Undergrad: 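Here's a structure for you.
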Amino acid sequence: MIETLEKPKTSTGKTLRTEEMIVNMGPQHPSTHGVLRLEVVLDGEIVTDVIPHLGYLHRCFEKHCEHMTSYQQVIPYVDRMDYVASMTNEMAYVVAAEKLLKIEVCDRVHYIRIIMAELQRIASHLIAIGTFGIDMGAFTPFLYYFRDREKILELFEMTCGARLLYNYMWIGGLSHDIPPQFVEKTKEFIVGFKKTLQEVNDLLNYNEIFIKRTANVGILPKDLAINYACSGPMLRGSGVNWDLRRDDPYTMYDKFEWDVIVGKGEMGTVGDVWDRNMVRQLEMWESLRIIEQAIATLPEGDVSKAIPKRIRPVPGDAYGRVEGPRGELGVYIIAEDSVTPYRIKARAPAFVNLSVITEISKGAMLADLVAIMGSIDIVLGEVDR
Amino acid sequence: MTALTTYFNDIYRSVSSTMTGMRITFKQMISPTVTIQYPHVKMKMPDRVRNRLFMNFDDCIGCELCAKACPVDCIDIEVMKAPPTESLGETSTGQKKRIYVTKFDIDIAKCCYCGLCVYPCPTECLKMTDVYEFSEYDRSNLIYNFGTMSPSEVETAKIKVKQYDEEQTAKKAAAAAQAAAAKAAAAAVPPTAAPVQNAPPQSLDSTPTQQ
Amino acid sequence: MNELKLLLENPIVMSVLLAFVPIVFILVYALVTLYGEMKVAAHIQNRLAYMENGWHGTLQPFADILKLLQKEDIIPTAADKFLFSLAPYLVFVGTYASFAVLPFSSGFIGSNIDLGILYLVAASSLVVVGLLMSGWASNNKWSLFGSLRSAAQIVSYEIPGVLAILGVVMVLGTMNMQTMTQMQDGGIQNWLIFGGNFALGQKLALIPFMFILFVIYLLSSMAEVNRTPFDLPEAESELVQGYNTEYSGMKFAIFYLAEYANLFLVSAVVVILFFGGWTSPFGSFMGGPVWSAFWFIMKGMFFVFVNIWLRWTLPRLRVDQLMYVSWKVLTPFALFCIIAIGFIMVV
């Protein structure tokens, strides 16, 4: 962080009267990643206060879910929550719903779900790092990453017919089994993608200007991260070794061998912007490891066998949580004796992570604020829901 | 001393990482491009692609399952039960149509392309095609009228249904009167074969086929 | 016919005609660079860029200009209308005036004055005034930020830039840009980056310092034209669009034109100082006024290309780091080089 400079003195020795400037960053600002509005109080270039204003993209997701005619119809809405990681949203919802309905699905469904969720995590991190690069002024890595994200989207499109909003994971199964060429194409993708990862690592993450811009900026200490209930790369970047995939293994994550990436403060302090970004970068390698293992040991089975014809759960509630690309994504369902959910609440990680911005950006510069926002990796669709 | 070392080290690293970056971008500059010239060249769509909805009206039996499955209510159907005497033909799968579908509109502007309407259709008459270029200048053009019944046909159908209903009520009244008479005449004899009322078409009972 | 000859002999008419040469050049060059920048950026990013108008989209820059001409010229209600309208022209005039002393070829220079390079440095500083004016007059906080940043940046980067020029002036002993170029004539080995036209010992001693001065001038020139990694004044992720946020239509186009003209200007200065200006790399082969114009423009375009290449590779610095680079890295190195060059030239 930059210590605030002393106020300049006039020739008579009095402190010069300076005024703080309030600027509105957003909702139409290129680096607010959507329609977030930040009320920024600036002392010259130095940020003295940040007040986030939300709600520009509020679409009443939770209220909509109460007015569906079945549990199945909620899934397209869940897709639109965090629109760059729809698969993980669906996963959180189906995990919760299957808990509620006590449905057991076969191993193949679990495996395919894990493959999809990990591919989605890569796709989401690609956007996160790419747009973060744009925030730092480097446009090219963004397009290299988008080039490879396109291949993931092609895999998804091949599997379920949609590129962004999949409606693929259904309660009790999947809408389609994977197509025959899927495994081969995924392998092909992994080979090419590893090259891009290395390339962008050299081009962006280890570029000296980038390091200087991000190291020791926006430091989020361990205790603050825990107190603010941050999760995902935000929490792990601060050095907390916590990943739901390992610590509360849902579906079949305990079958695979992989490591939880934690920020080490390689270029500066633990929990700075660089660390958070690097956690994402390295997590993609781990996701690739999981996908490789999963497609190598993909079991056989019928993916739509357990899909219930008619969903009418016994009254009760269930909370399903998954480790999304942005952190703990939880869906809480209360069911009454009806075909529609009584209430659905989503714990959106981006919303929770965003709350810490005021705390960590005080005393930073305006350009650092942009870096901090990029490193939080917010998706406004999820923040506002 | 350490400060000086850091100073020169920083300069060295800036220069070397810039060189690395320039090497990478130069390599990419001479490598072939990956984009396609969209309106001239089009990407091949996979088989399962979900774009514009298409509906084969000839196969529709008016079960309204698709409208119920739609999460955004973009399918607007109006149906009328046809009198059993009327023959509406059969679907290509050989199911008998028993319901007049007087209106079948899909507001494609509302559609969220989730594909949920496709699965419950018992006759597989709804499907998502690979057509994705259908923008319009006027939003009302995006309401697709798949129903083939003309207004006059709808009118005749309405009259037929009304006639049939009247007949039915008359029959029912007659039957009721008869029953009452019979009851009065001989209390021991129960009425035989009460008229079937509002029997749903078979398709509604059958469970939706899963893909 | 006689009247025409008489008219041409009139010094005022002649200078007006002379003044037209750079502006025609700037306009043509801006179109080429606009196209080139988009193409280079696209190919770096595995894209194709313009492909529709003309062969490989070569007519696209004309279409862009036509579009800008047609656009509504919006002046914000709260803006200072006079300054707002004046600013883009001031920025352009500053750049354009500097073109007067550029020796385009051995046969053409707008004004062959003895203090050429000094005049160039002074005239191009006029840009700062225009930028400050545009930011202030827009009555927009982001614009103000952008213009303040650019003022601070251009002023601080002029120091290492001028120091680098000073080093070269010390070696060549002249400020006349035509003379500077002529002193490097005679082939690639006489260019200053390779030690200039001196005795072997002196030449070898000069090479490392010349190289450092070249890098310093290249960096500070990039900062002066506000390009990545020094594009803070218009850092779109922080300041929306910086000082030209509120501009539209032709005023915006003139900002753009000035930026591109400035880009060529600084590249030309790099070429004149270190790469022998219009001189042919093969001595007298491919020399002469026409060829020399070709060499000058080609060398200038090469550095424009390097600028574009760097722009699409690097991220952007932060304000304090920008100042750090200028005051704590470039300036001391430049001073060191000047002292060393002084010794070399004396010995």
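Treat the numbers as computed from the prediction; the structure is a model and nothing was measured. Side chains included, hydrogens not; waters and symmetry mates left out as well; all remaining heavy atoms used. Just so we're on the same page: letters track the sequence lines, and every chain starts at 1.
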Undergrad: Could you tell me which portion of C:Q45 (side chain, backbone, both or neither) has an atom closer than 4.5 angstrom to a non-hydrogen atom of chain A?
TA: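 When you check distances to chain A, atoms from both the backbone and side chain of C:Q45 fall under 4.5 Å.
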Undergrad: Quick one: does A:T140's side chain get under 4.5 Å of C:T313's, heavy atoms only?
TA: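 No, every pair of side-chain atoms sits at 4.5 Å or beyond.
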Undergrad: Report yes if some heavy atom in the side chain of A:M21 is under 4.5 Å from a heavy atom in the side chain of C:F145; otherwise report no.
TA: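 When only atoms from C-beta onward are counted, C:F145 and A:M21 do touch, with a gap below 4.5 Å.
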Undergrad: Please determine whether the number of non-hydrogen atoms from other residues, nucleotides or ligands lying under 6.0 Å from atom OH of C:Y256 exceeds 12.
TA: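 Not more than 12 within 6.0 Å, no.
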Undergrad: For A:Y144 and C:I44, what are the C-alpha separation, side-chain angles and deciding distance, and is it a side-chain contact (heavy atoms from CB on, under 4.5 Å)?
TA: CA-CA 9 Å; A:Y144 291 167; C:I44 281 178; 3.9 Å; yes
Undergrad: Minimum heavy-atom separation for A:I209 to C:R316, with atom names?
TA: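 Smallest heavy-atom distance, with atoms named: CG2-O, 3.7 Å.
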Undergrad: Is any side-chain heavy atom of C:L314 closer than 4.5 Å to one of A:N207?
TA: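 A:N207 vs C:L314: side chains touch.
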Undergrad: For A:K185, I'd like to know if atom NZ has over 12 heavy atoms of other residues, nucleotides or ligands within 6.0 Å.
TA: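 For A:K185, atom NZ is not crowded (no more than 12 foreign heavy atoms under 6.0 Å).
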Undergrad: Should we count CZ of C:F305 as having more than 12 external heavy atoms under 6.0 Å?
TA: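 Yes.
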Undergrad: Kindly check if the number of other-residue, nucleotide or ligand heavy atoms within 6.0 Å of NZ (A:K264) is above 12?
TA: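 No, the 6.0 Å shell around NZ holds no more than 12 heavy atoms from other groups.
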Undergrad: For a quick test of reading the model, state the closest non-hydrogen atom pair linking C:W142 to A:N24 and the distance between them.
TA: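 Looking at all heavy atoms of both residues, the closest pair is CZ2-O, 3.5 Å.
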Undergrad: Quick one: does C:L317's side chain get under 4.5 Å of A:K212's, heavy atoms only?
TA: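 SC-SC contact between C:L317 and A:K212 ruled out.
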Undergrad: Does CZ in A:F142 sit with more than 12 non-hydrogen atoms of other residues, nucleotides or ligands closer than 6.0 Å?
TA: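 Yes, because the 6.0 Å sphere around CZ of A:F142 holds more than 12 heavy atoms from other groups.
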Undergrad: Is A:L369 close to chain C through its backbone or its side chain, or both, or neither, when contacts mean heavy atoms under 4.5 Å?
TA: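 Interface part for A:L369: neither.
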Undergrad: Give me the atom names and distance for the closest heavy-atom approach of C:Q321 to A:R213.
TA: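 For C:Q321 and A:R213, the tightest heavy-atom pair comes out as OE1-CD, 3.5 Å.
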Undergrad: Could you walk me through whether A:V217 and C:R318 pass the side-chain contact (heavy atoms from CB on, under 4.5 Å) test, one step at a time?
TA: CA-CA 12 Å; A:V217 166; C:R318 201 171 57 202; 3.5 Å; yes
